[in-house]
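Heads up: numbering here begins at 1 and tracks the sequence. Keep in mind the model is a prediction, meaning the values are calculated, not measured.
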Amino acid sequence: MKELIEYILQFGNLNGQQINLIQKKATEIQLHKDSYFSEAGKTPSQVGFIIEGVIRGCYYNNKGEEITRCFVSENSLVVDYVNFEANTSSSEYLQACTDCKLIVFSKQNWEELSHTIVGWDAIKNKMVQSCMYQKSRKGPVVSQDATTRYLAFLENYPSLSNRVLLAHVASYLGVTQQSLSRIRKNIR
(Lines give C-alpha, C1' and ligand atoms only; values in the text may rest on other atoms or scores of the structure.)
Protein backbone atom coordinates (compact mmCIF):
# COMPACT_ATOMS: atom_id res chain seq x y z
CA MET A 1 0.00 0.00 0.00
CA LYS A 2 2.99 2.26 0.66
CA GLU A 3 3.87 2.24 -3.06
CA LEU A 4 0.36 3.40 -4.00
CA ILE A 5 0.38 6.25 -1.48
CA GLU A 6 3.84 7.40 -2.66
CA TYR A 7 2.56 7.30 -6.24
CA ILE A 8 -0.57 9.34 -5.41
CA LEU A 9 1.41 11.93 -3.44
CA GLN A 10 3.44 12.72 -6.60
CA PHE A 11 0.26 14.31 -7.97
CA GLY A 12 -0.97 16.30 -4.96
CA ASN A 13 -1.07 16.63 -1.18
CA LEU A 14 -3.25 14.62 1.18
CA ASN A 15 -3.54 14.59 4.96
CA GLY A 16 -3.39 11.47 7.14
CA GLN A 17 -7.17 11.11 7.34
CA GLN A 18 -7.48 11.23 3.53
CA ILE A 19 -4.68 8.67 3.13
CA ASN A 20 -6.43 6.35 5.59
CA LEU A 21 -9.67 6.64 3.62
CA ILE A 22 -7.87 5.76 0.37
CA GLN A 23 -6.31 2.72 2.05
CA LYS A 24 -9.72 1.58 3.34
CA LYS A 25 -11.26 1.83 -0.14
CA ALA A 26 -8.49 -0.24 -1.77
CA THR A 27 -8.07 -4.01 -1.91
CA GLU A 28 -4.93 -5.98 -2.68
CA ILE A 29 -5.36 -8.81 -5.20
CA GLN A 30 -3.22 -11.39 -6.99
CA LEU A 31 -3.64 -11.79 -10.74
CA HIS A 32 -2.08 -14.92 -12.18
CA LYS A 33 -0.16 -14.95 -15.44
CA ASP A 34 -2.51 -14.99 -18.48
CA SER A 35 -5.50 -13.88 -16.37
CA TYR A 36 -7.43 -10.79 -17.44
CA PHE A 37 -7.69 -7.58 -15.44
CA SER A 38 -10.37 -6.44 -17.88
CA GLU A 39 -11.77 -7.97 -21.06
CA ALA A 40 -13.05 -6.82 -24.44
CA GLY A 41 -16.83 -6.90 -24.61
CA LYS A 42 -17.15 -6.20 -20.87
CA THR A 43 -17.36 -2.92 -18.99
CA PRO A 44 -14.18 -2.25 -16.98
CA SER A 45 -15.14 -2.31 -13.30
CA GLN A 46 -11.95 -1.44 -11.45
CA VAL A 47 -8.85 0.75 -11.38
CA GLY A 48 -5.62 -1.02 -10.50
CA PHE A 49 -2.16 -0.05 -9.32
CA ILE A 50 0.57 -2.57 -10.10
CA ILE A 51 2.84 -3.40 -7.16
CA GLU A 52 4.51 -6.38 -8.88
CA GLY A 53 4.26 -7.72 -12.40
CA VAL A 54 3.49 -6.73 -15.97
CA ILE A 55 0.13 -6.32 -17.72
CA ARG A 56 -0.29 -5.84 -21.45
CA GLY A 57 -3.03 -4.13 -23.40
CA CYS A 58 -4.04 -6.15 -26.44
CA TYR A 59 -6.82 -6.55 -29.00
CA TYR A 60 -7.67 -8.66 -32.03
CA ASN A 61 -7.49 -7.10 -35.49
CA ASN A 62 -9.98 -7.82 -38.28
CA LYS A 63 -7.91 -10.86 -39.34
CA GLY A 64 -8.23 -12.36 -35.87
CA GLU A 65 -4.57 -11.72 -35.04
CA GLU A 66 -3.71 -10.71 -31.49
CA ILE A 67 -1.97 -7.32 -31.32
CA THR A 68 -0.16 -6.11 -28.19
CA ARG A 69 -0.65 -2.36 -27.87
CA CYS A 70 1.24 -1.57 -24.66
CA PHE A 71 2.87 -2.92 -21.52
CA VAL A 72 2.23 -1.58 -18.02
CA SER A 73 4.53 -2.52 -15.14
CA GLU A 74 5.23 -1.71 -11.50
CA ASN A 75 4.23 1.60 -9.91
CA SER A 76 1.67 2.42 -12.60
CA LEU A 77 -2.09 2.63 -12.83
CA VAL A 78 -3.76 0.09 -15.08
CA VAL A 79 -7.29 0.70 -16.37
CA ASP A 80 -9.21 1.17 -19.61
CA TYR A 81 -10.19 4.56 -18.25
CA VAL A 82 -12.29 5.87 -21.14
CA ASN A 83 -14.63 2.88 -20.95
CA PHE A 84 -14.42 2.73 -17.14
CA GLU A 85 -15.64 6.33 -16.86
CA ALA A 86 -18.25 6.03 -19.64
CA ASN A 87 -19.53 2.70 -18.28
CA THR A 88 -19.21 1.18 -21.77
CA SER A 89 -17.75 -2.11 -22.92
CA SER A 90 -14.07 -2.26 -23.77
CA SER A 91 -12.58 -3.18 -27.13
CA GLU A 92 -9.30 -4.39 -25.64
CA TYR A 93 -8.00 -6.81 -23.06
CA LEU A 94 -5.72 -6.05 -20.12
CA GLN A 95 -3.92 -9.35 -19.49
CA ALA A 96 -1.26 -10.32 -16.96
CA CYS A 97 2.05 -11.23 -18.67
CA THR A 98 3.46 -12.35 -15.32
CA ASP A 99 1.98 -13.12 -11.94
CA CYS A 100 0.89 -9.73 -10.60
CA LYS A 101 0.12 -8.12 -7.27
CA LEU A 102 -2.22 -5.15 -7.56
CA ILE A 103 -4.10 -2.72 -5.39
CA VAL A 104 -7.56 -2.20 -6.87
CA PHE A 105 -10.49 0.13 -6.39
CA SER A 106 -14.02 -0.83 -7.40
CA LYS A 107 -15.87 1.76 -9.47
CA GLN A 108 -18.01 2.63 -6.44
CA ASN A 109 -15.02 3.11 -4.13
CA TRP A 110 -13.11 5.12 -6.79
CA GLU A 111 -16.10 7.45 -7.19
CA GLU A 112 -16.61 7.74 -3.41
CA LEU A 113 -13.09 9.16 -3.12
CA SER A 114 -14.17 11.99 -5.46
CA HIS A 115 -17.17 12.77 -3.26
CA THR A 116 -15.25 12.56 0.02
CA ILE A 117 -11.73 13.98 -0.53
CA VAL A 118 -11.45 17.65 -1.42
CA GLY A 119 -8.99 17.94 -4.31
CA TRP A 120 -9.15 14.22 -5.21
CA ASP A 121 -10.47 14.95 -8.71
CA ALA A 122 -7.40 17.07 -9.53
CA ILE A 123 -5.06 14.34 -8.25
CA LYS A 124 -7.06 11.63 -10.05
CA ASN A 125 -7.02 13.55 -13.33
CA LYS A 126 -3.23 13.93 -13.20
CA MET A 127 -2.80 10.20 -12.45
CA VAL A 128 -5.13 9.23 -15.30
CA GLN A 129 -3.36 11.58 -17.73
CA SER A 130 -0.03 10.00 -16.77
CA CYS A 131 -1.52 6.51 -17.24
CA MET A 132 -2.96 7.35 -20.68
CA TYR A 133 0.24 9.07 -21.80
CA GLN A 134 2.26 6.03 -20.75
CA LYS A 135 -0.03 3.71 -22.74
CA SER A 136 0.01 5.89 -25.87
CA ARG A 137 3.54 7.24 -26.19
CA LYS A 138 5.36 3.96 -26.23
CA GLY A 139 3.77 2.38 -29.28
CA PRO A 140 6.29 1.49 -31.99
CA VAL A 141 6.51 3.73 -35.03
CA VAL A 142 5.54 1.51 -37.93
CA SER A 143 7.58 3.57 -40.42
CA GLN A 144 10.78 2.55 -38.59
CA ASP A 145 12.54 -0.69 -39.49
CA ALA A 146 12.06 -3.62 -37.12
CA THR A 147 15.52 -3.35 -35.52
CA THR A 148 14.95 0.33 -34.70
CA ARG A 149 11.53 -0.54 -33.20
CA TYR A 150 13.11 -3.28 -31.06
CA LEU A 151 15.86 -0.95 -29.83
CA ALA A 152 13.19 1.63 -28.96
CA PHE A 153 11.28 -1.09 -27.09
CA LEU A 154 14.41 -1.90 -25.06
CA GLU A 155 14.84 1.80 -24.29
CA ASN A 156 11.18 2.35 -23.29
CA TYR A 157 10.84 -0.93 -21.39
CA PRO A 158 14.37 -1.79 -20.18
CA SER A 159 13.25 -4.39 -17.65
CA LEU A 160 10.67 -6.22 -19.76
CA SER A 161 12.57 -8.09 -22.47
CA ASN A 162 13.28 -11.03 -20.15
CA ARG A 163 9.96 -10.89 -18.29
CA VAL A 164 7.36 -11.15 -21.06
CA LEU A 165 6.83 -13.70 -23.80
CA LEU A 166 8.70 -13.07 -27.05
CA ALA A 167 5.39 -13.61 -28.84
CA HIS A 168 3.98 -10.56 -27.03
CA VAL A 169 7.06 -8.45 -27.82
CA ALA A 170 6.90 -9.52 -31.48
CA SER A 171 3.18 -8.67 -31.61
CA TYR A 172 3.88 -5.28 -30.06
CA LEU A 173 6.61 -4.59 -32.63
CA GLY A 174 4.53 -5.85 -35.56
CA VAL A 175 6.99 -8.61 -36.54
CA THR A 176 7.00 -12.39 -36.47
CA GLN A 177 8.73 -14.25 -33.65
CA GLN A 178 11.29 -15.54 -36.17
CA SER A 179 12.12 -11.98 -37.24
CA LEU A 180 12.43 -10.90 -33.63
CA SER A 181 14.79 -13.82 -32.90
CA ARG A 182 16.99 -12.75 -35.85
CA ILE A 183 17.00 -9.11 -34.71
CA ARG A 184 17.94 -10.12 -31.15
CA LYS A 185 20.73 -12.38 -32.45
CA ASN A 186 22.12 -9.62 -34.70
CA ILE A 187 22.34 -6.96 -31.99
CA ARG A 188 24.04 -9.10 -29.33
> Taking atom CD of Gln46 and atom CD1 of Ile103, what is their separation to the nearest 0.5 Å?
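These two atoms lie 13.0 Å from each other.
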
> With a 4.0 Å cut-off, would you call Glu3 and Lys101 a salt bridge?
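Judged by the 4.0 Å cut-off on N to carboxylate O distance, Glu3 and Lys101 do not form a salt bridge.
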
> Enter the distance from Thr27:OG1 to Leu102:CG here, rounded to the nearest 0.5 Å.
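Thr27 OG1 to Leu102 CG: 11.5 Å, rounded to 0.5 Å.
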
> Using every non-hydrogen atom in the two residues, find where Val54 and Thr98 come nearest and quote the distance to one decimal.
N-OG1, 2.9 Å

> What verdict does the side-chain hydrogen bond (donor to acceptor under 3.5 Å, both in side chains) test give for Ser114 and Asp121, after you've listed the backbone C-alpha separation in whole Å, the side-chain angles of each residue and the deciding distance to 0.1 Å?
CA-CA 6 Å; Ser114 290; Asp121 283 343; 2.6 Å; yes

> Please indicate whether Glu155 has more than 12 foreign heavy atoms, meaning atoms of other residues, nucleotides or ligands, lying under 6.0 Å from its CD.
no

> Would you give the length of the straight line joining atom OG of Ser45 to atom CD of Glu39, rounded to the nearest 0.5 angstrom?
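Nearest 0.5 Å value for the OG-CD distance: 10.0 Å.
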
> Just verifying a value: how many Å separate Ile8 CD1 and Leu14 CG, rounded to the nearest 0.5 Å?
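Answer rounded to 0.5 Å: 7.0 Å.
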
> Parallel, tilted or perpendicular: which one describes the rings of Phe153 and Tyr157, with boundaries at 30° and 60°?
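Answer is tilted, since the angle falls between 30° and 60°.
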
> Is it the case that the side chain of Ser181 and the backbone of Gln177 share a donor-acceptor pair, with hydrogens and angles ignored and the cut-off at 3.5 Å?
yes

> Name the orientation class of the two ring planes belonging to Phe49 and Tyr7 (parallel below 30°, tilted from 30 to 60°, perpendicular beyond 60°).
tilted

> Specify the closest pair of heavy atoms between Lys25 and Phe105, including all atoms of both residues, with the distance to one decimal.
O-CD2, 3.7 Å

> Evaluate side-chain hydrogen bond (donor to acceptor under 3.5 Å, both in side chains) for Thr68 paired with Arg56, printing each intermediate quantity in order.
CA-CA 7 Å; Thr68 298; Arg56 71 186 182 116; 2.6 Å; yes

> Going by atom types only, do Gln10 and Glu6 share a side-chain donor-acceptor pair under 3.5 Å?
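Not at all, the side chains of Gln10 and Glu6 share no donor-acceptor pair under 3.5 Å.
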
> Taking Asn83 as the fixed residue, which of Ser89, Ser38, Ser90 is the one that meets the side chain to side chain contact (heavy atoms under 4.5 Å, CB included) rule?
Ser90

> Determine whether Tyr150 and Arg184 satisfy the following criterion, side-chain hydrogen bond (donor to acceptor under 3.5 Å, both in side chains), listing intermediate values before the conclusion.
CA-CA 8 Å; Tyr150 180 64; Arg184 289 166 49 105; 3.3 Å; yes

> Looking at every heavy atom in both Leu154 and Ser161, which two are closest together, and how far apart are they?
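The pair with the smallest heavy-atom distance is CD2-CB, 3.7 Å.
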
> Tell me whether Asn61 at atom CG has more than 12 heavy atoms from other residues, nucleotides or ligands lying less than 6.0 Å away.
yes

> Might you point out which heavy atoms bring Gln17 and Asn15 nearest each other, and give the distance in Å?
N-OD1, 3.0 Å

> For Asp99, enumerate each residue passing the side-chain contact (heavy atoms from CB on, under 4.5 Å) test, keeping only those at least two apart in sequence or located in another chain.
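With neighbours one apart ignored, the set is His32, Lys33.
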
> Kindly indicate, with the supporting measurements, whether the criterion side-chain hydrogen bond (donor to acceptor under 3.5 Å, both in side chains) is fulfilled by Glu66 and Tyr60.
CA-CA 4 Å; Glu66 186 180 80; Tyr60 289 88; 3.0 Å; yes

> Leu166 and Leu180: which non-hydrogen atoms are nearest, and at how many Å?
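Looks like O-CD2, 3.6 Å.
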
> Ser35 side chain to Leu31 main-chain N or O, any donor-acceptor pair under 3.5 Å?
no

